[in-house]
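Before any comments, here is the structure.
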Amino acid sequence: MRVDRLPFEELPEATRRAIAERLGDGCPRSEVENGTSSALASLFWPSSGADMVFVKGLPLDHERIGELRAEAAVNPFLPPSAPKVLWQEEAGGWLLLCFEGADASAWAHFGDGSGHLEPVAAALGELGLLPAPPRLRLTPWERWGEYCDPADEPLLTGDRLTHSDPAASNFMIERGGRVRMIDWAWAMRGPAWLDTALWGVRLVLDGGQTPEQAAAWARTVPVFARASREAVVVLTEAEARWWEAWQAYGMTDLERTVGAARAWAGYWASP
């Protein structure tokens, strides 16, 4: 569900005051346009002259508040590519998270031939080597299990830290090519290759690549190149069914997403 943005000026006074006490009253700010999971999403330049920061937030009674809490909880265990949470605070009935800012592109470009593909692939490879923190309990089976044969659960089981939403909008590329991976609300404990398998959908959807082109890029990630084809077939088919279920439920504007997921699954299912 897309979250409607609330202009900063319409936040509760106590919420705005809490931000001002942390960053300075009247410090420069800029609203962030992309993203769909936070009612507040703004860049701030602290009055102290400290580096730019990013603040996101939701009302405490919002149905998606659990995602913001999950993102805060997993942050200490994330790779260096993930911006760190500098502080969090509840004020005026809102939960606020303040992250390191990044002087970077708003999102990555996934078209074949883009200079962003190689550093993103490298970041996915590095991520696939990291163990999941002990308290991270969400698993791929909880999200995709209902679209799989029960016997396939071991294929989607693992002990690595996974992001689970490698969309172009969740990668920012800094000058010099450093990748920043953002929006970790759906971090999971899963197999090392999972994020790269899901990245393939996004290469087709966000980058306009063919499944063959996307597969070639996915295979450059070592943890994916070692994955069982059977397991990749199970996940990609479940992802396609997951999007088809949302479309059947009534979510609009999913035609391209469903088409990309189905094309990617079809590539892996073919002999």
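Residue numbers run from 1 in the order of the sequence given.
- Note on residues 72-85: no pairs pass side-chain hydrogen bond (donor to acceptor under 3.5 Å, both in side chains), not counting sequence neighbours.
- Not a single side-chain contact (heavy atoms from CB on, under 4.5 Å) links E126 to another residue, sequence neighbours left out.
- Here the side chains of H163 and M188 are not in contact, with every heavy-atom distance at 4.5 Å or above.
- For the salt bridge (Lys or Arg N to Asp or Glu O under 4.0 Å) test, no residue two or more places apart in sequence or in another chain qualifies with E230.
- Here R202 does not pair with D195 in a salt bridge; the nearest charged N to carboxylate O distance is not below 4.0 Å.
- Residues M172 make up the rest of the hydrophobic cluster containing I182, defined by ILVMFWY side-chain heavy atoms closer than 4.5 Å, directly or through other members.
- Applying the side-chain contact (heavy atoms from CB on, under 4.5 Å) test to A265 and every residue at least two apart in sequence or in another chain returns T236, E237, A240, R262.
- Y267 meets the ring pair (Phe, Tyr, Trp, His ring centres under 6.0 Å) test with no other residue; sequence neighbours excluded.
- No more than 12 heavy-atom neighbours from other residues, nucleotides or ligands sit within 6.0 angstrom of CH2 on W107.
- Listed by chain and residue number, F224, W264 satisfy the ring pair (Phe, Tyr, Trp, His ring centres under 6.0 Å) test with W268 (two or more places apart in sequence, or in another chain).
- Counting heavy atoms from C-beta on, the side chains of C148 and L156 come closer than 4.5 Å.
- Residue pairs that meet the salt bridge (Lys or Arg N to Asp or Glu O under 4.0 Å) test with at least one member in residues 140-160, sequence neighbours left out, are R143-E239.
- Salt bridge status for E67 with R64: present, with a side-chain N to carboxylate O gap under 4.0 Å.
- L198 places none of its side-chain heavy atoms less than 4.5 Å from the side chain of T162.
- The line from CD1 of I65 to CG of L60 is 5.5 Å long, rounded to the nearest 0.5 Å.
- For residues 85-96, the salt bridge (Lys or Arg N to Asp or Glu O under 4.0 Å) pairs, not counting sequence neighbours, are R22-E89, R69-E90.
- A 4.5 Å side-chain heavy-atom check between P140 and P191 finds at least one atom pair inside the cut-off.
- With sequence neighbours left out, the side-chain contact (heavy atoms from CB on, under 4.5 Å) criterion links A187 to V74, L136, L161, W184.
- For residues 43-54, the set of pairs meeting the salt bridge (Lys or Arg N to Asp or Glu O under 4.0 Å) definition, not counting sequence neighbours, is empty.
- Among residues two or more places apart in sequence or in another chain, the side-chain contact (heavy atoms from CB on, under 4.5 Å) test is passed with F44 by F8, I19, L23, C27, R29, S42, V53, V55.
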